[in-house]
Amino acid sequence: MTMETKPSNISDSNQEAEPDQLLDDDGNKNPPVKKTSSCTGLKVFLAALSFSYFSKALSGTIMKSSITQIERRFDLTSSTAGLIDGSFEMGNLLVIAFVSYFGAKLHRPKVIAVGCFTMALGCFLSAMPHFFMGYYKYETTSHRAASANSSFTLNPCSLHQDVNDTVLEVSRAGCEKEPSSYMWIYILLGSMLRGIGETPITPLGISYLDDFTKEENVPVYVACLHTIAMMGPMFGFLLGSLCAKLYVDIGFVDPGSISITPQDSRWVGAWWLGFLIGGATSFLSAIPFCFLPKSLKKPEEAKDKTSHGLLENMDAIGNKFSPEKTKPRKWSVMLKDFYNSLKKVLGNRMYFTFLCCSLLQFSSFIGFVTYKPKYMEQQYGQSTSKSNFLIGVTSLPPVGLGIFLGGLIMKKYKMGIVAATKFSLTMSFLSYAIGLLHFFVGCDNHVVAGMTVSYEGNPILYHNNSLFSECNSHCKCASNVWDPVCGANGITYVSACLAGCGTSVGHGKNTVFHNCRCLEINSSWTGNNSVILGQCPKSDDCSTKFIYYTVIQVMGGFCYALGATPSYMLVFRCVQPELKALAVGLFTLVMRTLGGIPAPVYFGAAIDKTCLKWGSTSCGKRGACKLYDSNAIRNVYLGLGAILRGPSFLIGIIFYTMIKKHFQNKKSSPVENGQEDAAMNKEDNCKIKERLPGSSDAENESSI
């Protein structure tokens, strides 16, 4: 039946708009709204929603790609940095359940617009600390040498002894006046604000599409949304790579005075610039939604899908609604309805089982993505900039392609709920099996004298006192400083002082230290006794293993993404149609609350346990970690993710068994090869979804 509005005939208009009036409680008092063309309006909404998906993914990825830079800039532990990252989910937790339910009864496009504006405000707030802090002062013992004339010669040992007490006294006096130690709270609040703004986009956007389009086209639209959304992380990581190359105080500090490079663990890039760009993108994404209508003309199938169950529940099939039945409901009635709807969704055993399975998968995924740049940096010796770049150009395109192909496969083979479950579970397990290969392509520790190897070059266990040796005993060096230098023998020393160097030549990045006594300990070394600033690179063998790591990432990500769209469709295919917005919102709420918030924290806390060398703040307190145990971080980072995902497949098998058993009982003929006939699958979905409240029929046990 075609929906039309006739301004000259009020009664006809009211009759035709009745399904919309039921969905929109205030429809009785307002005159009928003229519906936008389904073809044009739906395309505009899909384009606007796609751009909002892109902008929210871009902003979220900027946080992920900048988390290491923020950790260094504010001298935070990984667990604290994980808390900042998880504050996005805290914002979702505050409002998502109510937005998902009550937002569906309001002007959904305008609610989404408000959310996008809020996201923009959160991005700008996150960037604000940079403009109120002083210049970044990285940890070093060679400031005088760095600023000296290239022909001037200094003794690193004498340098340390002369200025150490003075510098320490000035630093402690300055730290009392420096407010920057708490400025990271603004980033946390900005991230939380982004989470609040992002809340309405997915549940209201998906439910809007599902209401006004044919059911068979929904998987393709969802696949398109997620494919375009994957462009956000791709551009986000590329933008993060660019920002990481730029020094944090670019334009305000003389580049020649900087003695560190982007490969150094003390380097901090222009993390704030990405947030400004992300905020501008989110602001632009809000504008189209301000001009979109509250509802569109419905295809007949979509109209039946959204209104039929509601009409049954109102005992009004084939009847015309009277004005008394379309009056706006009171808030107390709406709250009671919300409670009953929530009870129905959580009481659905299939939905609850799928929720538990997805929670374990998502927890592993969020922890893996949050610390992926850090892992690549510490395990394979890559810079933060290069890590972000490689993630953007190698890992994300296969994932985007897999999501899109998954939607096409689901449409082409007319997958029902059973086939979609089987396909999704198979692809996820294949990705899991491929991911286990990461354990076999790890690299050894950085060769650091006194920490991972002795000064003679032999492997040792880490002990703090082993930083001192006979070769540097005359220097009286500080053990809490991290100012690494690379010796000509391929060994990294914590500082030029601890390398026992006697002289230095040059300034800035070109400083070279000579007459380093600790290089002479190794009797097999016959080269020069000089060191340069920075850590020594890892071996060529590690570079080869990094290639294998990248290939495994591409294969695993593609397989996982193939099953993503069928898996996502399961969220609102096993609940009543009028509850799908609440089901999607509740699903997102649980994922963010129990997965997105704690996962970065406990992943970060576990990674902190693998730290070999902590930095020091200007106040003498412990700062960010500068060096990790490569073997330990590999076992913790990969192992924790594997432990979380493993049990999810057992729950997934239970979910598949419940789905298959339910549909076999409902069909007059047995299911063959997991493929359901399209017409019969549609009929069964209606039987599952369109239940009368309080029904005691045993057939409806899945929704009890």
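All heavy atoms count here, side chains included; hydrogens, waters and symmetry mates do not.
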**Study point:** Set of side-chain hydrogen bond (donor to acceptor under 3.5 Å, both in side chains) partners for S383, sequence neighbours left out
**Key:** none

Check your understanding: Which residues pass the salt bridge (charged side-chain N to carboxylate O under 4.0 Å, His left out) test with D541, sequence neighbours left out?
Key -> K545

Exercise for review: Name all residues meeting the side-chain hydrogen bond (donor to acceptor under 3.5 Å, both in side chains) criterion together with K626; count only those two or more places apart in sequence or in a different chain, and write none if there are none.
Suggested key: none

Check your understanding: Listed by chain and number, what are the ring pair (Phe, Tyr, Trp, His ring centres under 6.0 Å) partners of Y380, not counting sequence neighbours?
Key -> F546, Y549

**Study point:** Pair D629-T610, side-chain donor/acceptor within less than 3.5 Å
**Key:** no

Point to revise | Selection residues 255-274 - residue pairs positive for ring pair (Phe, Tyr, Trp, His ring centres under 6.0 Å), sequence neighbours left out | key: F74-W271, H130-W272, F131-W272, Y247-W267

Point to revise | Non-hydrogen side-chain atoms of T511 and S259 separated by less than 4.5 Å | key: no

Check your understanding: Is there a donor-acceptor contact under 3.5 Å from the side chain of N445 to the main chain of T452?
Key -> no

Check your understanding: Mind checking whether T492 and L627 have side chains closer than 4.5 Å, heavy atoms only?
Key -> no

Revision key, fill the gap. Applying salt bridge (charged side-chain N to carboxylate O under 4.0 Å, His left out) to D264 and not counting sequence neighbours gives R266

Point to revise | Partner residues of C559 under the disulfide (SG to SG under 2.5 Å) criterion, sequence neighbours left out | key: none

Study note, to complete from the structure: Those residues at least two apart in sequence (or on a different chain) that pass side-chain hydrogen bond (donor to acceptor under 3.5 Å, both in side chains) with S87 are S191

Practice item. Would you please name every residue forming a side-chain hydrogen bond (donor to acceptor under 3.5 Å, both in side chains) with T550, sequence neighbours left out? Key: none

Study note, to complete from the structure: By disulfide (SG to SG under 2.5 Å), C625 pairs with (sequence neighbours left out) C611

**Study point:** Test of ring centre spacing under 6.0 Å for F368 and Y637
**Key:** yes

Exercise for review: Output all residues satisfying salt bridge (charged side-chain N to carboxylate O under 4.0 Å, His left out) with K374, sequence neighbours left out; order by chain, then residue number.
Suggested key: E71

Check your understanding: With a 4.5 Å limit on heavy-atom distance, are the side chains of K538 and S630 in contact?
Key -> yes

Study note, to complete from the structure: Sorted by chain and number, sequence neighbours left out, salt bridge (charged side-chain N to carboxylate O under 4.0 Å, His left out) with K64 holds for D85

Check your understanding: Mind checking whether I633 and I607 have side chains closer than 4.5 Å, heavy atoms only?
Key -> yes

